[in-house]
Protein chains: 2
Amino acid sequence: MSEGATGLIEAGAGAQPQPGERRRGIDRVIMLLEALLKHRAPMRIGDIAKMINAPRSTTYEIVNSLLEAEMLENVGSEGYVYFGRAMHLFGWAYSHHNAHYRRILETLDRMAAETGETVQLCGLRGNKYVVLDCRDSPGPFRISSDVGVEVPIPWTASGRLLVGHMQETELKDFIPAADYELPDGRVIAPDEFFADVDLARRQGFSETSALADRFTWCMAAPIRDSHGAINTTLCFVLPVDTPEPRRNQLLELLRERARALSLAGS
Amino acid sequence: MSEGATGLIEAGAGAQPQPGERRRGIDRVIMLLEALLKHRAPMRIGDIAKMINAPRSTTYEIVNSLLEAEMLENVGSEGYVYFGRAMHLFGWAYSHHNAHYRRILETLDRMAAETGETVQLCGLRGNKYVVLDCRDSPGPFRISSDVGVEVPIPWTASGRLLVGHMQETELKDFIPAADYELPDGRVIAPDEFFADVDLARRQGFSETSALADRFTWCMAAPIRDSHGAINTTLCFVLPVDTPEPRRNQLLELLRERARALSLAGS
DNA sequence: TTAGTTTGTCCGATATTCCAGACAACATGT
DNA sequence: ACATGTTGTCTGGAATATCGGACAAACTAA
């Protein structure tokens, strides 16, 4: 049971709609919000009901409650709903309640401005990797509005750092077997991945080239919390053909900034 | 019935704890999140229970559900909880799902960088005014991490614009009588306020000096959605003693940028 | 036109959630 | 030592939230 953060929504897919099955309103709310996040666009209430496998009448009831609380809001004129203003405020409160996170965002801004490259802040969500925030390079490439999209851990440089605290046996349980298959069909050998994780832990950074996508070179460095644990990583997403001297220079900057943001020493 | 967005939480204050009173989980969740937002800091579960007037056992149950969904997370080592990573992602999704909002945030960044002043994006939440986002002036003054804090509409310049679509009689119902009293004890005459609203509507901007606080001069300009309605405003928060020529220059900039962000014409 | 689908609302029944209260374990302070 | 206050967990029972299904209205597509 890899009961991750998004465990509930899985029920949406495979669960046989057992007759008489009844769920709590709270769980429905959670499933609904995660479904919206996964879908990344306004949805019709009927479609939401199908997606989270809930009765239509219940879905209407819940959506109306959330609309009234402004956690959802109507989008467009006919029947679509998406996240609302209240969610924005809750999320803002999350990202600003501690000075640490604020410093991280400032660093993100500064690095993007100084280098002109795409910079990301990454973390785990359940047993997946997610981008928590990003500053896109101003160039024409990469729209990367992929904040919040769940990606298999083995596809990413940051992922190799974020699981650094786990034993190999733990890792085997933690990462679904399917996650070793890349989008282009190649499969990463788990042992190779474990070796990568180990290497990343020892050198204190991680790089991947043309892994999840053929055109990018990613480099990640860990941000440690006050216990020394790695909760988030800082990460550059570069064109694969970035010349090596520049890459080294950027890696140096990345590691320095990530170190400065870590709370371990202070 | 001024059933605003935050209607539910009001029950927390005045409601007599009717013996057989029982509430839905969903409503408890909404009350809980709004209580956290209002409190603006991590809280203990016991205190949350008191604040939202819920049984302790129920509160534990709900908090644990939300923790598992990462909508809340533990803060510090002993018993405090606050908003979690999922909220950040939901909020991010809200603020980036449409190009319009993204353009607004970019404008906010640009204006702050160009002028060095504090810039805010403001809107309504129920029958209160809230700051939706801000860029603080780099100067030593004003911490203004007041995003999401509810403020009476008559205290603000933006408020005068945001209610511009309402009739005077509607306004009388909409704004609680208590909201005309300023923090320093002065009371705004409702008729004077209605005249302000009217003026703001006619001139397409609004200014207040030393109103909610003695040291600031605020100016706001409306951002109109595709129906021409005013959903949000752009706003400068200046020191009261800013010289008039500079104020005029900033006002001009503000109005121009707000107009550029409005969707009415295009 | 007819036939089919979807939307939003309403209803009554029952399976279940939410509640009150008790409990142990741990902090307090005096 | 005691009295008093927490925190986190569990329980049984009763009020009720969720569900299935029905309904009219609005849209499609022939």
Side-chain angles (χ1 to χ4, degrees), chain A residues 8-9 11-12 15-36 39 41-69 71-82 84, chain B residues 3 7-9 11-12 15-36 39 41-69 71-82 84:
Chain A
L8 280 169
I9 209 180
Q16 62 271 41
Q18 271 216 26
E21 183 162 29
R22 198 177 149 169
R23 294 185 112 93
R24 294 196 310 172
I26 298 192
D27 295 333
R28 296 285 192 202
V29 168
I30 294 170
M31 287 187 283
L32 193 159
L33 296 176
E34 287 182 348
L36 265 188
H39 193 254
M43 291 177 80
R44 298 267 203 66
I45 301 185
D47 296 326
I48 295 177
K50 276 176 210 137
M51 186 151 190
I52 67 176
N53 222 329
R56 252 159 31 83
S57 53
T58 306
T59 309
Y60 272 95
E61 169 90 24
I62 290 174
V63 168
N64 286 331
S65 290
L66 296 180
L67 282 173
E68 202 188 346
M71 290 176 59
L72 297 182
E73 70 184 31
N74 283 101
V75 176
S77 40
E78 274 319 323
Y80 285 84
V81 297
Y82 204 52
Chain B
E3 261 285 300
L8 281 167
I9 209 179
Q16 63 270 40
Q18 272 216 25
E21 185 161 29
R22 196 181 149 165
R23 294 186 112 95
R24 293 197 309 172
I26 298 193
D27 294 334
R28 296 286 192 202
V29 168
I30 294 170
M31 288 187 284
L32 192 159
L33 295 175
E34 287 182 348
L36 266 187
H39 193 255
M43 292 178 80
R44 298 266 202 65
I45 299 184
D47 296 325
I48 294 176
K50 275 176 211 138
M51 185 150 189
I52 66 176
N53 221 328
R56 252 160 28 83
S57 52
T58 305
T59 309
Y60 272 96
E61 167 92 25
I62 290 174
V63 167
N64 286 331
S65 291
L66 296 180
L67 282 173
E68 203 189 343
M71 289 177 58
L72 299 181
E73 71 184 31
N74 283 100
V75 175
S77 40
E78 273 320 322
Y80 285 85
V81 296
Y82 203 52

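All chains are named by letter (A, B, ...) in the order of the sequence lines, taking the proteins before the strands, and each is independently numbered beginning at 1. Hydrogens, waters and symmetry mates play no part in the numbers below; they use all other heavy atoms, side chains included.
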Presence of donor-acceptor pair under 3.5 Å, side chain of Arg24(B) and base of dA17(D):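 Result: no qualifying N/O pair found.
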Quick one: does Arg22(A) reach the base of dA17(D) with a side-chain donor-acceptor pair under 3.5 Å?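 Pair found.
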For residues Thr58(A) and Arg23(A), is any side-chain donor paired with an opposing acceptor at under 3.5 Å?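 Short answer, no.
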Would you mind reading off the distance between [X] atom [atom1] and [N] atom [atom2], rounded to a whole angstrom?
X        : N       : atom1 : atom2 : result
Tyr60(A) : dT6(C)  : OH    : C1'   : 8 Å
Glu61(B) : dC19(C) : CD    : C1'   : 11 Å
Ile52(A) : dT18(D) : CD1   : P     : 12 Å
Tyr80(B) : dG8(D)  : OH    : P     : 11 Å
Asn64(A) : dC10(C) : CG    : C1'   : 13 Å
Ile62(A) : dT9(C)  : CD1   : C1'   : 16 Å
Arg56(B) : dC18(C) : CZ    : C1'   : 15 Å
Arg44(A) : dT6(C)  : CZ    : C1'   : 8 Å

Grab the two heavy atoms, one from Ala54(B) and one from Arg28(B), that are nearest each other, plus how far apart they are.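 Closest pair (atom of Ala54(B), atom of Arg28(B), distance): CB-NH1, 3.5 Å.
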So which heavy atom on Glu78(B) is nearest to which on Arg44(B), and how close?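 Closest heavy-atom pair between Glu78(B) and Arg44(B): O-NE, 3.7 Å.
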Both Ile45(A) and Ala54(B) contact DNA chain C. Which one's nearest nucleotide lies toward the 5' end?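 Checking each residue's closest nucleotide, the 5'-ward one belongs to Ile45(A).
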Given dC19(D), is OP1 or OP2 found less than 4.0 Å from the side-chain N or O atoms of Thr58(A)?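 The answer is yes; a side-chain N or O of Thr58(A) sits under 4.0 Å from OP1 or OP2.
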Describe the nucleic acid contact of Arg28(B) in one word from base, sugar-phosphate, nothing, applying a heavy-atom distance below 4.0 Å.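 Sugar-phosphate, no base atom in range.
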Point-to-point distance, once rounded to the nearest 0.5 Å, from CD1 of Ile26(B) to CE of Met71(A):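 Going from CD1 on Ile26(B) over to CE on Met71(A), the span is 9.5 Å.
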